[in-house]
Amino acid sequence: MSPRYDAAAIEAKWQDAWDAAGVFTARHDAGRPKYYVLEMFPYPSGNLHMGHVRNYAMGDVVARYKAARGFSVLHPMGWDAFGLPAENAAMERKIHPGAWTYDNIANMKAQFRSLGLSLDWSREFATCDPDYYGQQQALFLDFLERGLVYRKNAVVNWDPVDMTVLANEQVENGRGWRSGALVERRELTQWFFRISDFSDELLAALDTLGNWPEKVRTMQANWIGKSQGLRFSFDLTAPAVGHDSVEVFTTRPDTLMGASFVGLSPDHPLARALEAGSPEIAAFCAECRRIGTSEEALETAEKKGMDTGLRVRHPLDPSWELPVWIANFILMDYGTGAIFACPAHDQRDLDFARKYGLPVIDTFLSLDNPAPVAATAFVPPKTEKVRWIDHFAGLDVATGEEAVAATIASAEADGWGRGVTQYRLRDWGLSRQRYWGCPIPVVHCESCGVVPEKKENLPVRLPEDVSFDRPGNPLDRHPTWRDVACPKCGAPARRETDTMDTFVDSSWYFARFTSPHAATPTDPAEADYWMNVDQYIGGIEHAILHLLYSRFFARAMVLTGHLPERAKEPFDALFTQGMVTHEIYQTRDPNGRPVYHLPVDVTDGKLADGTAVEVVPSAKMSKSKKNVVDPVRIVSTFGADTARWFMLSDSPPERDVEWTDAGAEAAHKHLSRIWRMADELAPKAAGSATDEISDMDLARTVARTIRDVTDGIESFAFNTSVAKLYTLAAAIQKSAAPPTDRAAALRTLVRLMAPMTPHLAEEVWAMLGGTGLVAELPWPKADPALLVEDTVTLPIQINGKRRSELVVAKDLAPAEVEKLALADQAVQRALSGATPKKLIVVPGRIINVVL
RNA sequence: GCCCGCGUGGUGGAAUGGUAGACACAGGGGACUUAAAAUCCCUAGCCGCACGGCGUGCCGGUUCGAGUCCGGCCGCGGGCACCA
């Protein structure tokens, strides 16, 4: 039997060799430049999925490449280990969330190891380790002292049957996912980070993040949502329920003469006050509150309103009275929770006005089509000039921008309003009424109020003896944990039973990796050496929340002395990789609800019992849709190198990739081919280990490949690097050069492949007489002399269409090129004696003859 | 609904505003083999015998030249603050 590429044997061997040599241990080496590459750490669901393989393969390419370029590399890994799934598992299977989580971590770590990633495991931690969350509690206390944390009331989704708070994803069509009960909004006192104090800075600093994707910066800028507008009040015609006016915020004060009604959020203090005296209004507000807490739910719900019967006076015309409505689409969290509506220039307001028979008043008209608004609101860009109708600030033809500025100036001059800068960004509510999270380290004392836990008592550990046989937070019903002495006065008191949002855990783990075992959150010397993260890699789904929260946390950590000043933007470069997608297979249960099936259980569109499945178009692989492919199966069938190679080939890293079995097989075939070439060349080229290649064609191909693969890696175009590696492999295979040449070329090829297929690279390197580990070799260098091209092929276009081509010396004078081009047969034929209207010669690129 | 992306052969994709389809998968043809698997070689956007024409979701624009830039649509995906 002929020898074959045996990935399983090769991969285990080299993983052991790397471990033995300790090549991936990060070393604080002041004499070398450092490089910190970080991939977003995973939630320990128990199993690696293809998205992980893709994410970590990309990070590993960068880490191994930078190591070869002489950097002291930090490439750590840990676990984002708190969160809901562990509690769900606890309820479903009567297993402790901690036990479930640590089992999952053990499983996933073994799977990680089989991928051969260049990770420094000595820095591993899980966010549910008391050592980690204890330091997080220390941070919280420092933030509290610095005034970065406070308490206020906020609404949650309340399941009245299960008597528990629900996450947005646990609310399905307004009902609790388990109980099916209609979800209510309930107000609780909760903890908040003052992220909104940093709105302007977080926005302005986006401009400094030149190595972040433009789209992420745009999304964050929109999320922060800075807007200039006017705050002013409408006076009620008569005082009612303790209110005599309604303050509104508007970004379009210029349309005030088009005001049709004043709208209140159902949560507005005035609306709440009216509820007490009107069962109708109370019923309407209650209905609004059932919509849920997510902005998506509010915005997609049918727009509804109710006339309160109150009237207000228009600030510019006391004789003009407008009705006050309560409307379900007005957010209490934005502005003042009250607006004036201008239906002529806002589609949502227009729909509302038409539905309830409210007036529609044009305030400006288009210059080219000055027709009044009918079915569609007239909402031109704010930079477009329009004609104003009787504008109170004296405008005639002006843009929206100019009109807003003029209106604010006029309102301030006349004293009825003031210009304000408003942000959409809200403070970050971090309280969660759940067990499996970091306890908030404070105690509630009747006489002292909210008392921080003493730092020497940290960590405040989660109690182990909890049960999940009832819904709700087990911490609330755990007397020996909950009931403590006040740290200040010693009187009986109660621990805070809320735990922290898991986004807190992931907002500083990158800093903790610089000194994961320090007795303080960070060690300043280590943080100073390793920060910032030079390259951060993760999914686009984290573009806003995780990254924005981390940017806030870094600032807060600078203010509390845990990070150096320059780390306030902690991620120098960000790369957002696309997702791994797969088709979704579903059948229906008797109620018509979808039941999902794993791809491995579906053959030719049918389940094992012959039931046909519906095929839903590809989407992000997710456990809930079961459209997942198990990487373990792929690794055990083909090897880690194949899985990695396939994840890096074909699709550009920032784009989604569709998983196909055929692609994985092709990757494996290619790696086998490389191995076979080495196996065949090894005896023929024995004893020769020089990099010199005598065959000039092959030498040039090798040099060009080094250049192109390097460029590809530097620019995160791994798929094009892979394509160039395919081309070199084919060139070596077909080359008639002597075996020593081909072996030398192959040795370079595998060194270039090493960041992607590290095990195969080591194996082939050793087979062909290389010494040492590829993982410790410097990156190959291309001989510049071999990269020089002396001729160039210029396409000749006639009227922009390629008709011929010309091979000329690279530096031939443009006048000469013109002559040769005009002499070309195809050009002669097209001209048939005439002279061209124009002749464009772009040196080294193209010739275009215009007839 | 709002914000942000993406759309190129049968498929994944390549292409500083300059030869559209590199590289690969699936396909077709061939070699080797008693046969098959494996492997190797050749072929290939679509229409057309060919000259040639048409082609980067759709419509329009800028340009000597547009997959690439601009405007408007359509479709798909991500996010929307308690999934992580």
Side-chain angles (χ1 to χ4, degrees), chain A residues 2 4 40 42-43 45 80 82-85 156-157 165-171 195 213-216 218-223 225 293-301 303 329 333 347-348 424-434 501-503 505-506 539-546 548-549 576 578-579 581 617-620 622 624 649-652 654-658 660 662-663 665-667 669-670 672-673 676 717 719-720 722-727 730 733-734 793-797 799-805 836-840 842 844-851:
Chain A
S2 67
R4 352 187 314 256
M40 290 178 185
Y43 179 79
S45 61
D80 189 12
F82 276 134
L84 273 182
V156 294
N157 299 307
V165 177
L166 298 178
N168 283 336
E169 73 156 8
Q170 296 173 320
V171 179
I195 187 172
E214 186 66 40
K215 63 178 165 181
V216 173
T218 309
M219 281 192 258
Q220 291 213 356
N222 289 338
W223 186 262
T293 57
S294 79
E295 191 170 315
E296 182 189 5
L298 291 173
E299 295 264 349
T300 50
K303 307 294 175 278
F329 59 88
D333 290 313
Q347 190 61 44
R348 192 168 54 179
R424 205 185 76 99
L425 180 66
R426 311 199 293 257
D427 276 334
W428 170 12
L430 68 122
S431 287
R432 296 294 180 271
Q433 295 71 38
R434 307 189 196 292
D501 177 9
T502 55
F503 271 124
D505 312 335
S506 55
I540 184 67
E541 65 272 26
H542 296 293
I544 297 174
L545 293 180
H546 162 62
L548 192 61
Y549 289 159
T576 52
M579 290 166 302
T581 65
S618 267
K620 167 185 173 178
S622 82
S624 59
S649 58
D650 288 2
S651 288
E654 68 277 12
R655 262 223 317 245
D656 291 352
V657 60
E658 167 99 15
T660 62
E665 278 159 30
K669 278 184 192 172
H670 179 68
S672 302
R673 202 174 299 139
R676 265 201 318 278
N719 55 324
T720 61
V722 167
K724 299 296 180 182
L725 290 164
Y726 268 110
T727 307
Q733 185 146 25
K734 286 177 188 167
T793 304
L794 295 178
I796 301 178
Q797 294 182 335
N799 283 343
K801 299 216 180 247
R802 184 187 171 281
R803 284 292 181 266
S804 182
E805 63 183 31
K837 220 183 270 173
K838 206 165 181 182
L839 186 59
I840 289 151
V842 184
R845 298 243 53 131
I846 204 162
I847 300 155
N848 192 7
V849 183
V850 185
L851 300 180

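Please read all numbers here as calculations on a predicted model, not as lab measurements. Chain A is the first sequence line, chain B the second, and so forth, proteins listed ahead of strands; every chain is numbered from 1.
- Looking at heavy-atom distances under 4.0 Å, A:His542 makes contact with a base.
- Taking the nucleotide of RNA chain B with the nearest heavy atom to each of A:Arg426 and A:Ile540, the more 5' of the two is matched to A:Ile540.
- Residue A:Arg803 places at least one side-chain N or O under 4.0 Å from the OP1 or OP2 atom of B:G53.
- Regarding A:Glu214, its CD atom lies at a distance of 13 Å from the P atom of B:C69, rounded to whole Å.
- At the heavy-atom level, A:Val657 lies nowhere under 4.0 Å from the strands shown.
- Counting heavy atoms from C-beta on, the side chains of A:Glu299 and A:Arg348 come closer than 4.5 Å.
- Counting non-hydrogen atoms under 4.0 angstrom, A:Glu665 reaches nothing in the nucleic acid.
- In terms of modelled atom types and a separation under 3.5 Å, the side chain of A:Asn848 and the main chain of A:Ile840 share no donor-acceptor contact.
- As judged by a 4.0 angstrom heavy-atom cut-off over every strand, A:Met40 is placed among residues making no nucleic acid contact.
- Only the C1' atoms considered, B:C4 is 35 Å distant from B:C54, to the nearest whole Å.
- When heavy atoms are screened at a 4.0 angstrom cut-off, A:Leu794 is found touching no nucleic acid atom at all.
- When the side-chain nitrogen and oxygen atoms of A:Asn168 are compared with OP1 and OP2 of B:A81, one or more of them lie within a distance under 4.0 Å.
- A salt bridge links A:Arg424 with A:Glu295: the closest approach of a Lys/Arg side-chain nitrogen to an acidic carboxylate oxygen falls below 4.0 angstrom.
- Not one N or O on the side chain of A:Asp656 forms a donor-acceptor pair closer than 3.5 Å with the backbone of A:Gly578.
- Taking 90° from 0 as the syn/anti boundary, the base of B:G65 is oriented anti.
- Side-chain atoms of A:Gln733 and base atoms of B:C40 include no donor and acceptor less than 3.5 Å apart.
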Going 5' to 3' through nucleotides 15-25 of chain B, assign each nucleotide B (protein heavy atom under 4.0 Å from a base atom), S (under 4.0 Å only from sugar-phosphate atoms) or - (no protein heavy atom that close).
SB-BBS-BSSS

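- Within the nucleic acid shown, A:Asp656 comes within 4.0 Å of sugar-phosphate atoms alone, with no base atom in reach, counting heavy atoms only.
- Going from atom CD of A:Glu296 over to atom CG of A:Asn168 covers 9.0 Å, rounded to the nearest 0.5 Å.
- When heavy atoms are screened at a 4.0 angstrom cut-off, A:Arg424 is found touching base atoms of the nucleic acid.
- In this structure, A:Thr218 does not reach the B:C4 phosphate: none of its side-chain N or O atoms is under 4.0 Å from OP1 or OP2.
- At least one side-chain heavy atom of A:Asn799 sits under 4.5 Å from a side-chain heavy atom of A:Val850.
- At distances below 3.5 Å, not a single donor-acceptor pair connects side-chain atoms of A:Glu654 with backbone N or O atoms of A:Thr576.
- Comparing A:Val216 and A:Glu296, the nucleotide of RNA chain B nearest to each residue sits closer to the 5' end for A:Val216.
- Spacing between atom CD of A:Glu299 and atom C1' of B:C3 amounts to 11 Å, rounded to whole angstrom units.
- Looking at heavy-atom distances under 4.0 Å, A:Ser506 makes no contact with the nucleic acid at all.
- One distance of note links CE of A:Met579 with CZ of A:Arg655; it measures 12.5 Å at 0.5 Å rounding.
- The side chain to side chain donor-acceptor pair (under 3.5 Å) search around A:Trp223 returns none, not counting sequence neighbours.
- Residue contacts for A:Thr300: at a heavy-atom cut-off of 4.0 Å it reaches a base atom on one of the strands shown.
- For A:Lys838 and B:C64, the shortest distance from a side-chain N or O to OP1 or OP2 is below 4.0 Å.
- Comparing the P positions of B:G28 and B:U33 gives a spacing of 23 Å, expressed to the nearest Å.
- Atoms CG (A:Asn222) and C1' (B:G78) sit 14 Å apart, rounded to a whole Å.
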With 3.5 Å as the limit, what N/O pairs link the protein to nucleotides 6-10 of chain B?
from : atom 1 : to       : atom 2 : distance (Å)
B:G7 : OP1    : A:Arg655 : NH1    : 3.0

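- Rounding to the nearest 0.5 Å places OG1 of A:Thr720 at 9.5 Å from CG of A:Leu725.
- When the P atom is used for both B:C46 and B:U11, the distance is 11 Å, rounded to whole Å.
- Nucleotides B:G13 and B:G61, compared at atom C1', are 29 Å apart to the nearest Å.
- Residue-level contact check: A:Phe329 touches neither bases nor backbone, having no heavy atom under 4.0 Å from any strand.
- Here the shortest heavy-atom pairing between A:Tyr43 and A:Pro85 reads OH-CB, 3.4 Å.
- Within 4.0 Å (heavy atoms only), A:Pro652 reaches sugar-phosphate atoms of the nucleic acid but no base atom.
- To the nearest 0.5 angstrom, A:Leu548 atom CG is 10.5 Å from A:Phe503 atom CZ.
- To the nearest angstrom, C1' of B:C83 lies 14 Å from CG of A:Asp505.
- Atom CD of A:Glu169 is separated from atom C1' of B:G78 by 16 Å (rounded to the nearest Å).
- At the heavy-atom level, A:Val171 lies nowhere under 4.0 Å from the strands shown.
- Not one N or O on the side chain of A:Lys838 forms a donor-acceptor pair closer than 3.5 Å with the backbone of A:Pro836.
- B:G18 and B:A84 have their C1' atoms separated by 45 Å, given to the nearest Å.
- As rounded to whole Å, 11 Å separates atom P of B:G13 from atom CD of A:Glu654.
- For A:Ser804, the side chain to side chain donor-acceptor pair (under 3.5 Å) partners two or more places apart in sequence, or in a different chain, are A:Asp824.
- A distance-only check finds a donor-acceptor pair linking the side chain of A:Asp427 to the backbone of A:Ile195 [under 3.5 Å].
- Relative to the side chain of A:Trp223, the nucleotides B:G5, B:C83, B:C80 differ in distance, and B:C80 lies closest.
- B:G77 and B:G12 have their P atoms separated by 15 Å, given to the nearest Å.
- When the side chain to side chain donor-acceptor pair (under 3.5 Å) test is applied to A:Arg803, no partner is found at least two apart in sequence or on another chain.
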Intra- and inter-strand pairs of RNA chain B in dot-bracket (Watson-Crick or G-U wobble, both distances under 3.5 Å; | for another strand)
(((((((..(((.....[....))).(((((.......))))).(((....)))..(((((..]....))))))))))))....

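- The same atom, C1', is picked in B:C69 and in B:G53; the two are 28 Å apart, to the nearest Å.
- Contacts of A:Trp428 with the nucleic acid, taken as non-hydrogen atoms under 4.0 Å apart, are absent.
- Closest to the side chain of A:Asp80, out of B:A84, B:C82, B:C42, is B:A84.
- A:Arg434 comes within 4.0 angstrom of a nucleotide base, judged by non-hydrogen atoms across all strands.
- In this structure, A:Glu541 atom CD and B:G78 atom C1' are separated by 8 Å, rounded to whole Å.
- Here the separation of B:G67 from B:C32, taken at their C1' atoms, is 43 Å to the nearest Å.
- Distance CG (A:Leu545) to P (B:G78): 16 Å, rounded to an integer number of Å.
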